[in-house]
Structure formats: C-alpha cells, structure tokens
Amino acid sequence: DAGVIQSPRHEVTEMGQEVTLRCKPISGHDYLFWYRQTMMRGLELLIYFNNNVPIDDSGMPEDRFSAKMPNASFSTLKIQPSEPRDSAVYFCASSGFGTGGGSYTFGSGTRLTVV
Amino acid sequence: AQKITQTQPGMFVQEKEAVTLDCTYDTSDPSYGLFWYKQPSSGEMIFLIYQGSYDQQNATEGRYSLNFQKARKSANLVISASQLGDSAMYFCAMRGGAYKLSFGAGTTVTVRA
C-alpha cells in the first residue's frame with residue numbers, strides 16, 4: 001500500500017497564476033478530504049468527497065478554489081488565480097469507513113508558496 | 001457544530017518521563033470518534049490512536065494511551081516513557097456523524113535529554 005500520494009511536494013508560483021494540486025487516495029477508500037494548514041488558522045477542512053461526489057465544500061474559502069474527483073483514484077484542488085495569502089500546506093486524506101474504524105490517512109502534503 | 005480545544009500550546013518533558021496532552025471537545029452527535037495525530041518537523045501527519053464514543057475501554061497503542069472521560073468530554077493523550085523522537089506537534093481531532101474530521105490547535109511537545 002503506497003498510502004495517499006500528493007503531488008507536487010512543493011510549488012512556488014507567482015500571484016495570479018493557476019495552481020493545481022493532485023491527490024491519489026488509498027485504493028478502496030471511499031472518502032477523500034482536502035485540508036489546508038497555516039500557522040494562523042491551523043488545519044482547516046476545505047472540502048470532502050464520498051464516492052467521488054462532493055459532500056461539503058463549506059470550507060472552500062473563495063470561488064478561486066475548486067476541487068474535483070473525476071474517479072475513485074484521483075482528485076485535484078485548483079486555485080485560480082492564486083494569491084500570496086493562499087500560501088500554506090495543503091493535505092489530502094482518505095478514509096474507508098466501510099472497512100470499520102475509519103482512520104484517516106494523510107498524504108505528505110503540498111507546500112504552496114505564492115509570491 | 002464540532003469544537004476541539006487544546007489549551008496547551010507547548011510542553012516540555014524529560015526523556016523517559018510520561019506526558020499528558022489535554023483535549024476537550026464539544027459535539028451534538030451521539031456517535032463520534034476521537035483521534036490523535038503527530039506532526040513532526042518534517043510535516044507529515046501520523047495517526048497515533050483512536051477512541052470511539054461507545055468504546056467502553058480506553059484505547060492504547062504501545063506507549064500511547066487515550067484517557068477518555070465521556071461525561072467531561074475530554075480525550076487526553078498520555079505518552080509514556082518519552083523519547084527524543086516524540087518531539088513534535090500533536091493534534092487532537094474528532095469525527096462526527098458526517099465523517100468530517102475537525103482538528104484542535106495542537107500542542108508542541110519538546111522532549112529534553
């Protein structure tokens with residue numbers, strides 16, 4: 001099991017550019033979550049999916065943020081246009097509640113810097 | 001709405017001693033789960049321990065134990081025999097009925113040799 005895979009690990013971009021973060025969840029997991037971590041706000045849930053369907057996107061900060069899950073093995077978080085205040089670590093996590101327990105497994109995160 | 005409170009921003013502990021990290025929570029969900037995660041300086045989120053709201057016994061995982069007091073809505077993490085590698089940020093988290101995992105602000109633990 002390769003775990004949750006996120007790419008890229010680091011991203012530096014200029015203000016106004018489009019940024020796409022990618023996530024591959026653990027095979028068989030039916031829930032996928034996107035979190036943002038900053039010093040000021042801690043770990044915030046942005047959006048989560050169940051069986052590829054967005055369930056709650058109330059944490060998405062602005063319309064500049066969008067997320068998709070076209071299939072069970074891939075999800076993207078897109079920021080367009082990016083702003084310096086979007087600089088943060090973005091985590092993807094997956095979970096398989098149908099298997100019991102429901103531990104959430106996190107990816108290694110993407111450190112985004114917008115200059 | 002769910003709320004998780006960790007009141008200790010930072011703690012120091014001597015190597016080989018035990019340390020208790022406080023966590024209180026608030027939820028209206030009758031069924032919920034409580035988690036602790038470790039985040040070392042390298043940044044990854046490492047799952048440590050889980051306690052279900054209906055579990056009768058406190059969860060234990062090696063040197064980690066969760067002191068669950070349901071009536072007081074507390075879920076403190078106890079790390080026994082601290083090691084230098086335990087120096088990290090520790091997050092308490094709660095899952096409610098909607099499967100959303102919400103986090104506390106975290107506690108930084110520094111283990112001294």
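Convention: sequence-line order gives letters A, B, ...; per-chain numbering from 1.
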Is the CZ atom of A:R41 crowded by more than 12 outside heavy atoms at less than 6.0 Å?
no
Quick check: do B:M45 and A:T105 have side-chain heavy atoms less than 4.5 Å from each other?
no
Heavy-atom count check: over 12 atoms from other residues, nucleotides or ligands less than 6.0 Å from A:D63 CG?
no
Linked, directly or transitively: A:F91 and A:F33 (ILVMFWY side chains, under 4.5 Å):
yes
Contact residues of residues 99-113 of chain B (partner chain A; heavy-atom separation under 4.5 angstrom)
B:Y99, B:K100, B:L101, B:F103
Heavy-atom proximity to chain A below 4.5 Å, by part of B:Q51
neither
Strictly under 6.0 Å, is that where the ring centroids of A:Y104 and B:F35 end up?
yes
Give the cluster check for A:L77 versus A:V89: same hydrophobic cluster or not, with ILVMFWY residues linked at side-chain heavy-atom distances below 4.5 Å.
no
Using a 3.5 Å cut-off and no angle test, enumerate the donor-acceptor pairs between side-chain atoms of residues 7-24 of chain A and protein atoms at least two apart in sequence or in another chain.
| unit_1 | atom_1 | unit_2 | atom_2 | d |
| --- | --- | --- | --- | --- |
| A:R22 | NH1 | A:T20 | O | 3.4 |

Co-membership, hydrophobic cluster, residues B:M94 and B:W36, 4.5 Å side-chain
yes
What residues of residues 11-26 of chain B make heavy-atom contacts with chain A at a cutoff under 4.5 angstrom?
none
Counting only heavy atoms not in A:R64, do more than 12 sit closer than 6.0 Å to its CZ atom?
yes
Measuring heavy-atom distances to chain A, does B:A98 have an atom under 4.5 Å in its side chain, in its backbone, in both, or in neither?
both
Under a 4.5 Å side-chain heavy-atom rule over Ile, Leu, Val, Met, Phe, Trp and Tyr, are A:L43 and B:M89 clustered together?
yes
Interface residues of residues 69-83 of chain B facing chain A - non-hydrogen atoms under 4.5 Å apart:
none
Which bit of A:E44 is near chain B, if near means a heavy-atom gap under 4.5 Å: side chain, backbone, both or neither?
neither
Is there a path from A:L46 to A:Y48 through hydrophobic residues (I, L, V, M, F, W, Y) whose side chains come within less than 4.5 Å of each other?
no
Are A:F106 and B:Y37 near enough that their ring centres are under 6.0 Å apart?
yes
Pick one of side chain, backbone, both or neither for A:N50, based on which atoms fall under 4.5 Å of a heavy atom in chain B.
neither
